[in-house]
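No hydrogens, no waters, no symmetry mates; every other heavy atom, side chains included, goes into these values. Since we're looking at a predicted model, the values are computed, not measured.
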Amino acid sequence: MTIDSVRGAPDTPELAEPELVQLLTPEGERVEHPDYPLDLSAEEVRDLYRDLVIVRRLDLESVALTRQGELGLWASLLGQEAAQIGSGRALSENDMVFPTYREHGVAWCRGVDQLKLLSMFRGVTHGGWDPADHNFHLYTVVIGSQTLHATGYAMGVQRDGVLGTPSAAATIAYFGDGATSQGDVNESFVFASVFNAPIVFFCQNNQWAISEPLERQSRIPLYRRAQGYGFPGLRVDGNDVFACLAVTRKALENARTGQGPTLIEAFTYRMGAHTTTDDPTRYRLKAEEEAWKLKDPIERVKAYLVRNDLADAAFFQKIEDEAKQTARELREGCLAMPDPKPLSAFEHVYAEPHPLMTEEQEQFAAYLASFEEEAR
């Protein structure tokens, strides 16, 4: 069935199946790709496995905290760990990241304290961290707007005149398949292309923009859109941490050396809900989820380690124990967060005093004071 027939348009011949860059099969078999060579030591593979396991465990703990009323909301990354860890470990120290609200794995790779992610979803802080500390921008909830911020930042790096030097930096912008329907994303493609900006657009195509399937977002594979804007695009197996690492590493290097933007479509699947306020059983089939379980990003790395005698049972147990301990510390830290003072909501909104906000702050302060008067 073609996209046209799905949408009720006249039937047209199916497009050829898109090429999918893959270096590790779901069964854990290593394969080569002529354009994306990757040489990893046994220790590096074990480190990637550790990243995947711990990030998933932290994510599951955050979902549980939300269900128990300790967080207001959480956007799970379940199923997308390879896309985030692979691309995150491809970054250099100087590169700048512009995330959405789901890049918990990339935040882990950048050294951002996971408690700072939770502080935002708990309503304790406005954002939680200084972007300059780890070259990791604040989470962006407005769909697609971070791509324009990222493109502007990349154009600034370009004007610094450091591209092609050891101090060169690339910019990477993360977004989902649904964001490709936003005007901001398409505008960022235009600017990045015509100015040859040093940016990588990393689209995690998890098949569902909340309840809208991919065929409602595009009539062609998303990576092919890049051709219309005049820069390269490719599709990578988003559940293959090796391929995501190799593809992103090359795209970032191209950006740092002045070769312009790249669109990477990481073809993956959102195994959980869009956020903890969503119920995916209302719009997708269980059979679809079960099929994607066979492509699990963690299990394929585990299979690779086992089939090549690179890890034993003691190693896997050690990682499991570490993940549990890390999750335990996350929970304890979350529960220990002090509640913010009500008037702190007005802090750090503007760089300078704003008359309207000052008026609202005074009104809210008077409202709070009225309860104290009633209690006397």
Side-chain angles (χ1 to χ4, degrees), residues 21-24 28 30-33 35-59 77-100 102-114 117 129 131 133-137 150 168-175 198-204 234 236-256 262 264-268 296-302 304-305 308 310-311 315 319 322-323 326:
V21 178
Q22 185 180 82
L23 301 182
L24 186 65
R30 183 76 162 85
V31 293
E32 300 295 333
H33 192 286
D35 297 327
Y36 301 99
L38 184 67
D39 183 18
L40 296 174
S41 67
E43 182 178 2
E44 288 173 324
V45 177
R46 288 192 291 265
D47 285 345
L48 289 172
Y49 178 81
R50 174 181 176 272
D51 286 336
L52 294 168
V53 172
I54 291 180
V55 164
R56 175 172 292 186
R57 187 66 183 82
L58 292 173
D59 181 68
L77 59 65
L78 185 63
Q80 299 177 221
E81 297 89 352
Q84 296 193 18
I85 296 300
S87 61
R89 290 303 182 196
L91 294 163
S92 75
E93 183 179 356
N94 292 334
D95 295 334
M96 187 66 184
V97 179
F98 287 80
T100 64
R102 200 187 301 274
E103 273 67 63
H104 321 313
V106 185
W108 168 266
C109 293
R110 297 305 271 178
V112 177
D113 185 346
Q114 296 289 294
L117 304 182
W129 60 91
D133 287 345
H134 304 280
N135 277 7
F136 187 83
H137 204 271
T171 302
I172 186 167
Y174 289 88
F175 53 95
I199 184 171
V200 174
F201 295 105
F202 195 94
C203 174
Q204 292 176 83
L234 62 123
V236 62
D237 183 346
N239 286 23
D240 176 359
V241 70
F242 290 178
C244 289
L245 172 61
V247 164
T248 310
R249 181 179 286 172
K250 183 173 182 179
L252 289 168
E253 183 59 23
N254 287 344
R256 295 188 204 106
T262 302
I264 298 173
E265 178 193 355
F267 198 73
T268 182
D296 186 85
I298 296 179
E299 290 303 316
R300 70 173 69 184
V301 178
K302 184 175 183 178
Y304 175 81
L305 289 167
N308 291 281
L310 300 179
F315 166 79
I319 297 300
E322 183 182 1
T326 306

message = Restricting to non-hydrogen atoms, name the atom on R256 and the atom on A168 that form the minimum distance, rounded to 0.1 Å.
response = O-CB, 3.6 Å
Residue of the set E265, E103, R102 for which side chain to side chain donor-acceptor pair (under 3.5 Å) holds with Q204 = E103
remark   = Across all chains, not counting sequence neighbours, the salt bridge (Lys or Arg N to Asp or Glu O under 4.0 Å) partners of R110 are none
ask   = Are the charged groups of K250 and E253 less than 4.0 angstrom apart, N to O?
value = no
key: Chi angles and distances behind the side chain to side chain contact (heavy atoms under 4.5 Å, CB included) call for H104, L58   = CA-CA 9 Å; H104 321 313; L58 292 173; over 6 Å; no
key: pair R249-L38: side-chain heavy atoms closer than 4.5 Å   = yes
ask   = So, does E81 use its side chain to make a donor-acceptor pair with the main chain of G79 at under 3.5 Å?
value = yes
Expected list for residues 236-248: side-chain donor-acceptor pairs under 3.5 angstrom, two or more places apart:
{"unit_1": "D237", "atom_1": "OD1", "unit_2": "N239", "atom_2": "N", "d": "2.9"}
{"unit_1": "D237", "atom_1": "OD2", "unit_2": "Q22", "atom_2": "NE2", "d": "2.7"}
{"unit_1": "D237", "atom_1": "OD2", "unit_2": "R300", "atom_2": "NH1", "d": "2.9"}
{"unit_1": "N239", "atom_1": "OD1", "unit_2": "T268", "atom_2": "OG1", "d": "2.7"}
{"unit_1": "N239", "atom_1": "ND2", "unit_2": "K295", "atom_2": "O", "d": "3.0"}
{"unit_1": "D240", "atom_1": "OD1", "unit_2": "F242", "atom_2": "N", "d": "3.0"}
{"unit_1": "D240", "atom_1": "OD1", "unit_2": "A243", "atom_2": "N", "d": "3.1"}
{"unit_1": "D240", "atom_1": "OD2", "unit_2": "L23", "atom_2": "N", "d": "2.6"}
{"unit_1": "D240", "atom_1": "OD2", "unit_2": "L24", "atom_2": "N", "d": "2.8"}
{"unit_1": "T248", "atom_1": "OG1", "unit_2": "C244", "atom_2": "O", "d": "2.6"}

message = Taking S41's backbone N and O only, do any of them form a donor-acceptor pair with E44's side chain (distance below 3.5 Å, no angle check)?
response = yes
request  = Compare all side-chain heavy atoms of D95 with those of I172 and state whether any distance is below 4.5 angstrom.
outcome  = no
Side chain to side chain contact (heavy atoms under 4.5 Å, CB included) between L40 and L48, worked out = CA-CA 10 Å; L40 296 174; L48 289 172; 4.0 Å; yes
key: Heavy-atom closest contact (A173 atom, I199 atom, distance)   = CB-CD1, 4.4 Å
message = Could you measure the distance from the CG atom of D59 to the CD1 atom of I54? Nearest 0.5 Å is fine.
response = 13.5 Å
query = Under 3.5 Å, side chain of R46 to main-chain N/O of L310, donor-acceptor pair present?
reply = yes
task = Show the numbers, then the answer: is there a side chain to side chain contact (heavy atoms under 4.5 Å, CB included) between K302 and I319?
result = CA-CA 12 Å; K302 184 175 183 178; I319 297 300; over 6 Å; no
Parallel, tilted or perpendicular: ring planes of F315 versus Y49, cut at 30 and 60 degrees = tilted
pair V55-Q84: side-chain heavy atoms closer than 4.5 Å = no
ask   = Between W129 and D113, do the side chains contain an N or O donor and an N or O acceptor separated by less than 3.5 Å?
value = no
Result of checking F175, Y174, F98 against F202 for ring-ring contact (aromatic ring centres under 6.0 Å, His included) = Y174
message = Is any side-chain heavy atom of H137 closer than 4.5 Å to one of P99?
response = yes
remark   = The reported gap from CD in E93 to NE2 in H134 (rounded to nearest 0.5 angstrom) is 11.0 Å
ask   = What do the steps show when you test T326 against R57 for side chain to side chain contact (heavy atoms under 4.5 Å, CB included), and what is the final call?
value = CA-CA 8 Å; T326 306; R57 187 66 183 82; over 6 Å; no
key: L77 to G105 - nearest heavy-atom pair and separation   = CD2-N, 3.4 Å
task = Of all the heavy-atom pairs spanning P198 and A255, show the shortest one and how long it is.
result = CB-O, 3.3 Å
